[in-house]
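Take a look at the structure set out below.
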Amino acid sequence: MADQLTFHEAFPETWFEQQYNLRAHDPDYQDRILANWTSRSHDARARLRGTPSIRYGKGERQTLDFFPCTSPDAPTLIYFHGGYWQRGDKSIYSFLAEPFVEGGSHVVIAGYDLCPSVTVTEITRQARDAIAFVWRNAAELGVDRHRISVIGHSAGGHIAQMMMGTDWIAYDPHLPADFLTCGIPISPLSYLEPVRRTTSLNAAIRMTPQEAEEQSPMIANPPNTAAPQLVAVGGEETSEFLRQARLYVDAFTDGTRTIALHIVPDVDHLGIINRLADQDSTFHHRVRAMIFAPLEASHQSL
């Protein structure tokens with residue numbers, strides 16, 4: 001694996017820009033997609049029963065949008081958005097909650113402070129605080145604390161992997177060691193050194209070589225749980241995003257856990273989110289199967 005992690009030393013910066021600076025490929029396309037998601041999310045919030053901006057920390061963006069379904073013992077899915085830790089807002093992604101709420105799960109869309117105001121290390125800490133907040137306040141929210149799953153896209157996929165690699169007892173001895181039932185990292189950034197070498201992105205992230213190593217799931221934060229994971233990536237994404245997904249799956253799938261790779265065909269880095277929201281898509285069904293599997297197994301054992 002070491003060779004796979006050091007290959008970048010021979011590549012010029014222009015190559016990293018082509019692989020990771022996706023806005024440079026077609027900025028108008030990305031703006032159109034985000035405008036569409038913003039509009040859909042506005043409409044979704046009008047239809048859904050929910051509680052916006054529940055504060056879980058002191059930071060400006062440290063709030064949660066909570067969208068419950070009608071069943072209190074349903075699984076809860078916590079979503080972290082992407083944007084290279086420096087862009088985006090949870091309000092853009094409310095539209096993702098609707099199909100999952102309709103399918104019988106609670107959804108939490110988590111916000112977090114952004115670079116350059118904070119570091120990636122601080123964002124990881126805030127994400128842990130968000131998940132712990134849901135666990136601690138499960139009764140008040142009306143959810144089952146034993147049915148919490150984490151999902152995220154791009155930088156949010158990195159966050160999802162970091163949550164699956166968290167030693168929760170070390171974080172807080174009052175938390176159970178293994179309370180996340182599954183993880184779904186989508187187009188994750190599993191190895192951060194290539195991102196650090198992309199000057200246009202790292203200008204705001206300001207990631208050092210040490211932080212890139214310490215915050216890489218591939219190096220310092222392997223899974224700390226036997227809970228299953230589904231790592232998804234679009235078939236039309238850049239070769240680096242495909243490699244980032246495969247690296248994680250190949251490194252950490254073993255006899256103690258299942259980490260499956262799902263390549264969503266005919267979609268790029270943003271198009272995969274539309275498939276996630278499509279209740280008729282294979283990807284959506286695989287995610288639903290993941291978050292409901294522990295619940296179904298529990299019911300079968302009763």
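Just so you know, residue 1 is the first one in the sequence shown, and it goes up from there. Computed over heavy atoms, backbone and side chain alike; hydrogens, waters and symmetry mates excluded. From a predicted model like this one, the values you see are computed outputs, not experimental measurements.
- Contact annotation: the side chain of L64 never approaches that of I109 to less than 4.5 Å [non-hydrogen atoms, C-beta and beyond].
- In H42, the NE2 atom is not crowded: 12 or fewer heavy atoms of neighbouring residues, nucleotides or ligands sit closer than 6.0 Å.
- Under the 3.5 Å distance criterion, the side-chain polar atoms of S41 are matched with a main-chain donor or acceptor of S94.
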Open item on the list: One pair to check against side-chain contact (heavy atoms from CB on, under 4.5 Å): L114 and R87. What are the steps and the verdict?
Closed with: CA-CA 7 Å; L114 301 175; R87 293 189 292 264; 5.6 Å; no

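- Residues D65 and R45 are not paired through a salt bridge, judged by the lack of any N-O separation under 4.0 Å between the basic side chain and the carboxylate.
- Atom CD of E60 has 12 or fewer neighbouring heavy atoms from other residues, nucleotides or ligands inside a 6.0 Å radius.
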Task: From CA spacing to verdict: side-chain contact (heavy atoms from CB on, under 4.5 Å), T63, R55 - done: CA-CA 4 Å; T63 62; R55 181 154 295 282; 3.6 Å; yes

TODO: Test N36 against R40 for side-chain hydrogen bond (donor to acceptor under 3.5 Å, both in side chains), laying out the working first.
DONE: CA-CA 6 Å; N36 175 264; R40 291 163 65 186; 3.2 Å; yes

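- Side-chain N/O atoms of S239 and Q19 include a donor and acceptor closer than 3.5 Å.
- Side-chain atoms of Q229 never come within 3.5 Å of backbone atoms of I259 as a donor-acceptor pair (strictly under, hydrogens ignored).
- Annotation for G50 and P68: closest pair CA-CD, 3.9 Å, computed over non-hydrogen atoms.
- A centroid separation of 6.0 Å or more is found between the aromatic rings of H146 and F179.
- Proximity of a side-chain donor or acceptor of Q244 to a complementary backbone N or O of S190 within less than 3.5 Å is detected.
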TODO: Decide side-chain contact (heavy atoms from CB on, under 4.5 Å) for I205 and V195; before the verdict, give the C-alpha distance in whole Å, the side-chain angles of both, and the deciding distance to 0.1 Å.
DONE: CA-CA 9 Å; I205 303 169; V195 181; 4.1 Å; yes

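- Side-chain atoms of Y191 and E213 include no donor-acceptor pair closer than 3.5 Å.
- At least one donor-acceptor pair closer than 3.5 Å links the side chain of R145 to the backbone N or O of W135.
- Between F100 and Y79, the distance from one ring center to the other does not fall under 6.0 angstrom.
- Considering every non-hydrogen atom in both A260 and V249, the closest pair reads O-CG2, 4.3 Å.
- A donor-acceptor pair under 3.5 Å is formed between the side chain of D113 and the backbone N or O of R61.
- In this structure, a donor-acceptor pair under 3.5 Å is present between the side chains of S154 and H269.
- Under the 4.5 Å side-chain criterion, counting only non-hydrogen atoms from C-beta, L180 is in contact with W168.
- Between the side chains of Q210 and E214, at least one donor N or O lies within less than 3.5 Å of an accepting N or O.
- At least one side-chain heavy atom of P209 sits less than 4.5 Å from a side-chain heavy atom of R196.
- Classification of R197 and E13 as a salt-bridged pair fails, no side-chain N sitting under 4.0 Å from a carboxylate O.
- A distance of 12.0 Å separates CE of M162 from CZ of F80, quoted to the nearest 0.5 Å.
- Annotation: the span from M290 atom CE to T258 atom OG1 amounts to 8.5 Å, rounded to 0.5 Å.
- Using modelled atom types, one side-chain atom of N202 and one backbone atom of M207 make a donor-acceptor pair closer than 3.5 Å.
- Taking both residues in full, the closest heavy atoms of A74 and S105 are given as CB-CA, 4.1 Å, listed atom of the first, atom of the second, then distance.
- Ion pair R128/D172 not flagged as a salt bridge, since none of the NZ, NE, NH1 or NH2 atoms sits closer than 4.0 Å to an Asp/Glu carboxylate oxygen.
- Rounded to the nearest 0.5 Å, atoms OG1 (T119) and CH2 (W85) are 11.5 Å apart.
- Checked by atom type and distance alone, the side chain of S39 never pairs as donor or acceptor with a backbone atom of A35 at under 3.5 Å.
- Aromatic rings of Y112 and H81 (six-membered ring for Trp) have centroids within the 6.0 Å cut-off, being under it.
- Residues L141 and I54 have side chains in contact (heavy-atom distance under 4.5 Å, counting atoms from C-beta outward).
- Here the shortest heavy-atom pairing between E237 and D268 reads CG-C, 3.7 Å.
- Within the 4.5 Å cutoff, side-chain heavy atoms of L192 are placed close to those of H158.
- Using a 4.5 Å heavy-atom threshold, the side chains of L189 and F241 count as touching.
- Here the side chains of V231 and H262 are not in contact, with every heavy-atom distance at 4.5 Å or above.
- A donor-acceptor contact closer than 3.5 angstrom links the side chains of W37 and N274.
- Linking Ile, Leu, Val, Met, Phe, Trp and Tyr whenever their side-chain heavy atoms come within less than 4.5 Å puts Y171 and V150 in one cluster.
- The closest side-chain heavy-atom distance from L96 to V107 is not below 4.5 Å.
- Between the side chain of H106 and the main chain of C69, a donor-acceptor pair closer than 3.5 Å is present.
- Looking at D178, its side chain never comes within 3.5 Å of a backbone N or O of T225 through a donor-acceptor pair.
- Note: F16 and Y20 have parallel aromatic rings, judged against thresholds of 30 and 60 degrees for the angle between ring planes.
- Using a 3.5 Å distance cut-off with no hydrogens or angles, the side chains of Q215 and T124 do pair a donor with an acceptor.
- Scanning all heavy atoms of the two residues, the minimum distance from A277 to P99 falls at O-CG, 3.5 Å.
- For E17 and T198, the side-chain atoms include no donor-acceptor pair closer than 3.5 Å.
- Residues Y248 and P217 share a closest heavy-atom pair of CE1-CB, 4.0 Å.
- Note that the CZ atom of F66 and the CG atom of L48 stand 11.5 Å from one another [nearest 0.5 Å].
- Judged by distance alone, with hydrogens and angles left aside, the side-chain atoms of S281 form a donor-acceptor pair with the main-chain N or O of H284 at under 3.5 Å.
- We find that D28 and R32 are not joined by a salt bridge, their nearest charged nitrogen and carboxylate oxygen being 4.0 Å or further apart.
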TODO: Might you work through the side-chain contact (heavy atoms from CB on, under 4.5 Å) test for Q126 and T121, ending with a clear yes or no?
DONE: CA-CA 9 Å; Q126 290 186 9; T121 302; over 6 Å; no

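- Note that CD1 of I92 and CD1 of I273 are 12.0 Å apart. Values are rounded to the nearest 0.5 Å.
- Heavy-atom contacts from other residues, nucleotides or ligands closer than 6.0 Å to CD of E140 number more than 12.
- Summarising the geometry, atom CZ belonging to R246 is positioned 4.0 Å from atom CD1 belonging to I263; distances are rounded to the nearest 0.5 Å.
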